[in-house]
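Each ligand, and each atom within it, is numbered from 1 in the order the structure gives. Position 1 is the first residue of the sequence; numbering continues from there. Worth saying up front: this structure is predicted, and the values here are computed from it rather than measured.
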Amino acid sequence: MNGSPRQIDLLIQGGIILCMDAERRVLEGHCIAIDKGRILEICPDSADKYQPKQSINASDCIVMPGLINLHTHLAMTYFRGLADDLPLERWLNDYIWPLEARLLNRDFIYHAALHGAAEMIKNGITQINDMYFNMAAIADACTAAGLRAVIGEVVLDNGSSSPKKREFGSMVLEYRQRYADNPLIDFCLTPHSIYACSRDSLEQVVHASRKHNILLHMHLSETRSEVEQCQKERGCKPVQYLKEIGMLDCPAIYAHGIWLDEEEIDLLSGTPSSIAICTDSNLKLASGILPLASYLKKGINACFATDGVASNNNLDILAEMDCTAKLHKAITGDPCFLPAPQVLAMATVESARALGVERQRGSLEAGKDADICILSLNGVESQPLYNPYSQVVYNLGSKQVRDVVIQGEVVLRHGVLQKLDEAELLGFSRQYQNQIKAELKL
Ligand SMILES: [Zn+2]
C-alpha cells in the first residue's frame, strides 16, 4: 500500500445509510466505494482514500438498497388506465386478452417494457420479476434502461392439454446462455395460473424446475371464483393441487395468494415458496386482501409487488409498502404489526431471498452488487426526521427518489434518467395510445 488513492468507478458520500444487513446497521458519515458493479466497501468517509471516476454527494439523503418488485408485467404499461373499474374476469376477457391478441408484436412489447422500466427506475426499483411474452424484447428493454430483471415467458394454454412435450427448461437455459454476458438479466419459468394452464403443462414446468433448479413464478388464488373453479374442475383446493403435482418442492413466487385458507397456508409453510403481495392491484380489482398475518406467523416469506400497470395503475413499491403496512395494521387491529424496518426488509433483503439471490443483493454490504436507491430529505415534506425507516415507509414517495444505481451504474441522477430519453419515451407512448384507441374505437 503506497498511500495513493485507489481508482474506483463510483463513490457515494454521506447521507444516512440503511444497510439492511443482518445487524441492520444505520451509518452516518460513511461512504460507499463501488467498483466493477459491486460494493467494494462501506467505510468512514475520507476524502483521499479513493479516486472515483464518478461521485454522488448524498448528504441530506437516505441511501438504501434498491427496491425489488416481485411480480410485474412490464410490457402492459401501455394499458395504464384502460378499462378501469371492471371485475378481473371481464377486464381480462373483454379488453386485455383481445387487445394483446391483436396488438402484440416485438416493437409494442419492447417500447411498452422500456416505458415501464423507466418508471420502475424513477420509483427507486432496481430489480423486477416479470412475466409476459417475448422474453428477448423484455430483456433488451431492461438492458437499455439499465434495470435488473428476472424474466419469464408465460405458459398459457387455457386448460387445453398440450399434445406434445414442450421444452420449458431448455428454453430458459437457452436464454440464459444467450444473455450470459449480461449481469442484469436472468430467466425463470412462469406458468400463468392454475386456471390458465393444463395439468400437463404444469407438470412439465415442475419437471423442468426440478431438473435444472429454476425458479417458478405464477399467479395463485387471486379471486374467489378461481378457487371455486379449481375445486370443481380439479377436485381440490389450489395449494392442494400444487402439492399433488409436485410444485411445492420447487422454489417459487406466487403472486396474490389472497384466498388461501389455514390448511393451504400450512401446506405452503416450510416450502421454498414466497408470496408476492399486490395490495393496490387487489384493492382496485376488489379481488380481496391476503391473509398476511397468517403467512408471516407460519414463516412464509411475503414481499411487495405492483403487478402490471393495467391493474394498479402505477409501478410504485414505496406506495405498496405504505398502503400494505397500514391496511394490515387496521385488519389485525394492531398498530405494532409490520413495523417499518420489517416493511423495508420485505422490499429488499426478503425479496432477494424470494428470488434466491440474497447472497448477491438486497442489502448494502461489501461484495454485493451495487443496486442502490437514494432518497432526498431536502424538502419540508421530508422533515423533521427521527426514524429513517419510518420516514421511508410512511412518508417518502417516488417524488423523493433522487438517484438510482444498478450494477454500479448511475441510471437516475437528480431525477433524470441517464440511459433513456424521457421525451422520446413519451412520443412512443402517444403513438401506441392512439393505436390502442383506434383498436377499441374509443
Ligand atoms: Zn399479474
_Quick check on side-chain contact (heavy atoms from CB on, under 4.5 Å): which of T324, I331, I300 does L292 satisfy it with?_
T324

_Name of the D307 atom (N/O/S only) found closest to the Zn ion (ligand 1)_ = OD1

_Angle in degrees, rounded to 10°, that NE2 of H71 and NE2 of H219 form at the Zn ion (ligand 1)_ = 90°

*Tell me, please, which residues at least two apart from E439 pass side-chain contact (heavy atoms from CB on, under 4.5 Å).*
L99, R102, L103

*asked:* What I want to check is whether the side chains of E233 and Y241 have a donor and an acceptor closer together than 3.5 Å.
replied: no

*Which residues pass the ring-ring contact (aromatic ring centres under 6.0 Å, His included) test with F187, sequence neighbours left out?*
Y175, Y179

*Please confirm if an N, O or S atom belonging to H256, backbone or side chain, lies less than 2.8 Å from the Zn ion (ligand 1).*
no

